[in-house]
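Below is one structure, written out as structure tokens; comments come after it.
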There are 2 protein chains.
Amino acid sequence: MYTIGQVSQMCNIPVSTLRYYDKEGLFPHMERVSGIRKFSDRELETLHIIDCLKKSGLEIRDIKKYMQWCAEGSSSYPQRRELFENQKKAVEKEIEHLQKTLDMLRFKCWYYDTAIADGNEDRINEMLPNNLPVDIQKLYDHAHSDDED
Amino acid sequence: MYTIGQVSQMCNIPVSTLRYYDKEGLFPHMERVSGIRKFSDRELETLHIIDCLKKSGLEIRDIKKYMQWCAEGSSSYPQRRELFENQKKAVEKEIEHLQKTLDMLRFKCWYYDTAIADGNEDRINEMLPNNLPVDIQKLYDHAHSDDED
DNA sequence: TTAACAGATAAACTTGGCTTTAGGTCAAGA
DNA sequence: TCTTGACCTAAAGCCAAGTTTATCTGTTAA
């Protein structure tokens, strides 16, 4: 069992944030001893899941809904399974978007390397948009491709 | 040349957002004809870069700073190059984090598949935290590993 | 000529996720 | 005893990134 201050240090999360999560109902099983919160390993694992679901794009209120499903027992397995499936798809899609973003950034690094070497952007502008070096063209084209959702 | 409404449709961005970006100084070269904004291909490419920098985690004010650097000419090539280099690193790191998030989500999908098949979580809890099926253990361990920054 | 649009502005509002503030309880050490 | 520090609550505040609202202008179509 840990106090809120210990959890804050261990997990590197402000005390105010932990209290906020608690107020929002993200630790439905947390015990209290004369008013003082007692975090157990269960709550530490919950913090892991909160972090995961947050990064996957879920809002606090939806994380709360998940916690409530957990409290409902085995009847909510299907909903919970579906939630994770959906968030998995969302994160896969976001990683794809970020790969495209990355290719734009890589292109821009090449762009400025070249501009610095040349002292201007004239040569690059002559190559744009279709006569870039093969590898760079790939980055550029990927970065400028549309997503068909 | 395009009106704000045309750009909004083409790029699927609300008119209000385009005006907001303009107000924040993200289109320093945009022309106006008797008060009406005229978006050119330059502004469309700028929208691409705004999108890229936003996704990489940059705030509007920093994107504005970049636009100002562009207006300063070749003397700011090094700063611009450094900006893209930094954002590239930031996105690479974020993709790594998301890969870990993804492994947690995959683990949870397996978890609930198993719980649904068993009707309860007893068997899973016996396997936790170190006796999961090999492939699943990998997901679990990766998802629960600490980042040493 | 009048109504409907598309464009414009300034300023207020919204949202989510915290953080800060103000005020209070309780236990331990000087 | 008194003060320090960790805990508590409720409520207000903050911030970024838009969005909405109220009001105005100019063009076209019936």
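In what follows, chains are A, B, ... by sequence order, proteins preceding strands, each numbered from 1.
- Counting to the nearest Å, the P atom of dG26(D) and the CD1 atom of Ile4(B) are 18 Å from each other.
- Side-chain nitrogen and oxygen atoms of Arg37(B) include none within less than 4.0 Å of the OP1 or OP2 phosphate oxygen of dG7(C).
- Residues Ser40(A) and Met1(A) approach most closely at CB-SD, 3.8 Å, considering heavy atoms.
- Scanning for salt bridge (Lys or Arg N to Asp or Glu O under 4.0 Å) contacts around Glu45(A) gives an empty result, with sequence neighbours left out.
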Which atom pairs link the protein and nucleotides 26-29 of chain C when you take only N or O atoms and keep those under 3.5 Å?
none

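- Heavy-atom distances under 4.0 Å link DNA chain D to Tyr20(B), Tyr21(B) of residues 18-36 of chain B, given in residue order.
- Taking hydrophobic clusters as Ile, Leu, Val, Met, Phe, Trp and Tyr residues chained together by side-chain heavy-atom distances below 4.5 Å, Val7(B) does not share a cluster with Ile36(B).
- Counting only heavy atoms from C-beta on, Pro14(B) has its side chain closest to dT19(D) among dA16(D), dT19(C), dT19(D).
- With salt bridges taken as basic N to acidic carboxylate O contacts below 4.0 Å, one links Lys88(A) and Glu85(A).
- Scored by the ring pair (Phe, Tyr, Trp, His ring centres under 6.0 Å) test, His48(B) finds His144(A) as partners (sequence neighbours excluded).
- Residues Ile49(A) and Lys108(B) form a side-chain contact, since some pair of their non-hydrogen atoms from C-beta on lies under 4.5 Å apart.
- Following rounding to the nearest Å, Gln6(B) (CD) and dG7(C) (P) show an atom-to-atom distance of 8 Å.
- For Thr3(B), a side-chain nitrogen or oxygen approaches OP1 or OP2 of dG7(C) to under 4.0 Å.
- Ion pair Arg19(B)/Asp22(B) not flagged as a salt bridge, since none of the NZ, NE, NH1 or NH2 atoms sits closer than 4.0 Å to an Asp/Glu carboxylate oxygen.
- Residues satisfying the salt bridge (Lys or Arg N to Asp or Glu O under 4.0 Å) test with Lys65(A), not counting sequence neighbours, are Asp62(A).
- Backbone-only contact: Thr17(A) has heavy atoms under 4.0 Å from sugar-phosphate atoms and none from a base.
- Between His29(B) and Glu43(B), the closest heavy-atom pair is C-OE2, 3.9 Å.
- Within the 4.5 Å cutoff, no side-chain heavy atoms of Leu26(B) are placed close to those of Tyr20(B).
- A heavy atom closer than 4.0 Å to some atom of DNA chain D occurs in Lys54(B), Glu59(B), these being the qualifying members of residues 44-59 of chain B.
- Atom NZ in Lys64(A) sits roughly 16 Å away from atom P in dC18(C) (whole-Å rounding).
- Between the P atom of dG17(C) and the CD1 atom of Ile13(A) lies a distance of 15 Å, rounded to the nearest Å.
- When only modelled atom types and interatomic distance are considered, Thr3(B) and Lys38(B) share no side-chain donor-acceptor pair under 3.5 Å.
- The separation between Asn12(A) atom CG and dC18(C) atom C1' is 16 Å, rounded to whole Å.
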